[in-house]
Amino acid sequence: METVNSPNLPQLLPTPPNNFVLGTIKGQRPQTRFYHFTISKVQGAPDGVSKPMLVANGMSPGPTIEANQWDRIVVNVTNNLDTRTAIHWHGLYQNKTNYYDGTTGITECGIPPGQFLVYNFTLGEFYGTTWYHSHFSTQYTDGLTGALVIHPTDPAPKNIPKWDGEIMVQMTDVYHNFSQELLNAYLSPSGIDGTPGDEPVPDGGSLNGLGQYGGGGDYFNFTLEDDKTYRIRLVNSGSLAPIRFSIDYHPLTIIEVDGTFVKPYVVTGLTIAVAQRYSVLIHTNQTEGHGRYWMRTLLQSNMFTYVQPGQNVDIRGVLKYASGVKNQSLPSAGADPGVPSRKDIGDMDTASLVPAVVSRPPNPTRPYYVNFDFEDNANGVNLAYINGTSWTPLSGNTTLLKVRNAFLTSTTYAPVGGSVQPGDQFLLTEDSIQVVDLIIDNLDNGDHPFHLHGHTPWIMGVGTGRYQGQALNTANALRRDTMVIPADGYTVIRFITDNPGVWAFHCHLVWHMAAGLLMQINSLPTKTGQLDIPQVIIDQCNASAPGE
């Protein structure tokens, strides 16, 4: 499979460095913040290899959205592609605005080519580090992502150190081929490499839009003031690979996990699963390295099922101290030195992440059990199955519209409990407020980062083997919206069905979601049916688009 160049496409614009510098709006009064995104196809070369990309406002990563808790966000998204698109605001609750969640086939049908949709929602109580991305097929693999940072109204907990400045690091794996081509090969009987079920393996990666491949590419640079404390917000916006982040000679103090403040935890490096976010603090007082340091983002190969020729998994950026900014040379070559001054620390262990403020989950009122695995269908295509169903998005309709139409006609779309609706739509339905324990057994031999839309669930338990009543953490459970369900293991999450809407729960490895690894939580359908869904969303479901 060869990379396809499209010389007639406009060229990717450089993302301005100030797109990744944060914090100037903190403390402003609640207000409405307006954005205009134009989604288009361009020719780019994030790691030096030319490739077609899908981007917002001509650049990738797209514009950073920075706001404060309780702000209103209005984003006018115009689709200049020749296919539909939809933007999901990862981690946001979308309370009373489920229709702006941006999930194709679930809350909207996607914006048809040449049309626009204005996403208009309040942030409510949500705050933290997150991101936005296309939720139409595998589009975000081609570059349609951006950072989303929400500052809290209240100060950080007292046990969290203060910081002087904030920066964003958005890291991703990079594919030189267009994702739709890769997806077509992946979902064929022969698979991407002759073995059905083998996921497309990335060629390289990028840090804030820049990477290195085959002697080409470039390095993203930050220059920071000496002897200051900085909060670095980290996002893995990739498609397959977990990524290990570190900065030469600098200990990293973890303080945030997917919007939850955690007790300060000092590490040498941390491995971030796809769609997860962390904040770390660094202090710019190191003497080794002469004021110039590698930021390292190392793609982890545990998900790679074949060898990708020429692959570069070691993607770097440069952090400089202001005192040495006149020195334009790169940091010294060589292996990762780690943090020689701190022999007492190592890499992050997620079991050591403890909420900074005690979070005791309520007692459960409703348990549900699901499992997932991969198997070949009747046509020899390897697909994902949750409780025996493999998801495909509805066409010309959405689950949300079906729930609404059932309410308007005094009927029921889905009974309380687990059910499979037409189109292989597997749902868990609750029409009253319940505290749900969702028990998930992973029957596959690989790790899977799962994301629950509209909620920040408690992670009650994680372990190997099947869940058979093992003890759960009821004293101080971590809350996060994207959790890793380990290979041949289990995870138990707890959430409250108090947010009306239809919410996706899916693997965030894009190839797996495209292969069907998604189910839906149908919360309070009686209230969902009363949501005032904008007519434009209904009309866009009825509109035709090329190829449909």
Side-chain angles (χ1 to χ4, degrees), residues 90-93 125-130 157 234-236 242 254-265 267 270-279 347-372 386 428 434-442 444 446-499 503-509 517 519 521:
H90 189 106
L92 301 191
Y93 299 140
E125 64 183 10
F126 179 88
Y127 64 86
T129 304
T130 189
L234 304 168
V235 178
N236 181 347
I254 301 171
I255 62 165
E256 182 218 355
V257 176
D258 289 6
T260 296
F261 280 115
V262 294
K263 293 181 179 179
Y265 173 27
V267 299
L270 60 162
T271 297
I272 306 172
V274 169
Q276 289 186 333
R277 297 89 63 206
Y278 289 83
S279 284
D347 268 17
M348 176 184 69
D349 178 357
T350 55
S352 297
L353 297 169
V354 178
V357 177
V358 173
S359 175
R360 291 189 178 92
N363 293 327
T365 60
R366 194 87 78 193
Y368 286 107
Y369 171 80
V370 298
N371 64 55
F372 66 87
I386 299 180
L428 295 181
Q434 301 289 334
V435 180
V436 171
D437 267 3
L438 185 59
I439 303 159
I440 311 116
D441 274 344
N442 176 4
D444 183 52
D447 295 343
H448 295 267
F450 265 69
H451 170 49
L452 177 59
H453 291 217
H455 303 76
T456 305
W458 289 271
I459 313 304
M460 303 301 300
V462 181
T464 57
R466 305 294 167 259
Y467 183 72
Q468 297 176 319
Q470 292 91 326
L472 301 177
N473 179 6
T474 58
N476 192 16
L478 181 67
R479 298 186 73 179
R480 69 183 313 171
D481 59 61
T482 306
M483 67 293 302
V484 174
I485 304 177
D488 296 308
Y490 70 87
T491 296
V492 180
I493 65 173
R494 184 171 294 176
F495 61 93
I496 304 173
T497 59
D498 58 356
N499 192 4
W503 307 104
F505 181 56
H506 64 91
C507 179
H508 222 291
L509 305 182
L517 198 46
M519 59 175 282
I521 308 298

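- Atom OH of Tyr278 sits about 9.0 Å away from atom OG1 of Thr271, to the nearest 0.5 Å.
- Within the 3.5 Å criterion, the main-chain N or O of Arg277 finds no donor-acceptor partner in the side chain of Thr129.
- Minimum heavy-atom separation, Asp447 to Ala487: OD1-N, 2.8 Å.
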Verdict with reasoning, His90 to His508, per ring pair (Phe, Tyr, Trp, His ring centres under 6.0 Å): CA-CA 11 Å; His90 189 106; His508 222 291; 5.2 Å; yes
Intermediate values then yes/no, side-chain contact (heavy atoms from CB on, under 4.5 Å), Thr130 and Val235: CA-CA 7 Å; Thr130 189; Val235 178; over 6 Å; no
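- Across every non-hydrogen atom of Leu234 and Ile272, the tightest pair is CB-CD1, 3.8 Å.
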side-chain contact (heavy atoms from CB on, under 4.5 Å) between Leu517 and Phe450, worked out: CA-CA 9 Å; Leu517 198 46; Phe450 265 69; 3.7 Å; yes
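- A heavy-atom distance below 4.5 Å is not found between the side chains of Phe261 and Val357.
- A donor-acceptor contact shorter than 3.5 Å is absent between the side chain of Asn473 and the backbone of Gly461.
- Taking the side chain as every heavy atom from C-beta outward, Val262 and Leu478 approach each other to under 4.5 Å.
- For Val435, the side-chain contact (heavy atoms from CB on, under 4.5 Å) criterion is met by Pro362, Thr365, Arg494, Ile496, not counting sequence neighbours.
- Using a 4.5 Å cut-off on side-chain heavy atoms (C-beta onward), Thr456 and Phe495 make no contact.
- Of all heavy-atom pairs spanning Asp258 and Thr482, the tightest one is OD2-N, 3.2 Å.
- Side-chain contact between Ile440 and Tyr369 is absent, with no heavy-atom pair separated by less than 4.5 Å.
- A donor-acceptor distance shorter than 3.5 angstrom exists from the side chain of Asn499 to the backbone of Tyr93, with no hydrogens or angles considered.
- Residues Asn442 and Ile485 approach most closely at ND2-O, 3.3 Å, considering heavy atoms.
- Remark: Gln470 CD to Ile439 CD1 distance equals 10.0 Å, nearest 0.5 Å.
- Counting heavy atoms from C-beta on, the side chains of Met348 and Leu353 come closer than 4.5 Å.
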Worked check of side-chain contact (heavy atoms from CB on, under 4.5 Å) between Asn476 and Val354: CA-CA 7 Å; Asn476 192 16; Val354 178; 3.4 Å; yes
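- Within the structure, the salt bridge (Lys or Arg N to Asp or Glu O under 4.0 Å) test picks out no pair touching residues 355-364 (sequence neighbours left out).
- Summarising the geometry of Pro486 relative to Gly463, their closest heavy-atom pair is CG-O, 3.6 Å, with the distance given to 0.1 Å.
- Atom OG1 of residue Thr497 and atom CD1 of residue Ile521 lie 9.5 Å apart, to the nearest 0.5 angstrom.
- Between the CG atom of Leu452 and the CE atom of Met483 there is a distance of 6.5 Å, given to the nearest 0.5 Å.
- Gln276 places no side-chain N or O within donor-acceptor distance of the main-chain N or O of Val274, the cut-off being under 3.5 Å.
- Looking at Val436 and Leu428, their side chains never come closer than 4.5 Å, going by heavy atoms from C-beta outward.
- Using a 3.5 Å distance cut-off with no hydrogens or angles, the side chains of Tyr265 and Asp349 do not pair a donor with an acceptor.
- No close placement of the His453 and His455 rings is indicated, their centers lying 6.0 Å or farther apart.
- Sorted by first then second residue, the ring pair (Phe, Tyr, Trp, His ring centres under 6.0 Å) pairs that include residues 457-485, not counting sequence neighbours, are Tyr467-Tyr490.
- For the pair Met519/His506, no side-chain contact is recorded, criterion being any heavy-atom separation below 4.5 Å from C-beta on.
- Not a single donor-acceptor pair under 3.5 Å links the side chain of Arg366 to the backbone N or O of Pro364.
- With a 4.5 Å cut-off on side-chain heavy atoms, Ile493 and Ile459 count as touching.
- Using modelled atom types, no side-chain atom of Arg479 and backbone atom of Pro457 make a donor-acceptor pair closer than 3.5 Å.
- Between Gly446 and His448, the closest heavy-atom pair is O-CD2, 2.9 Å.
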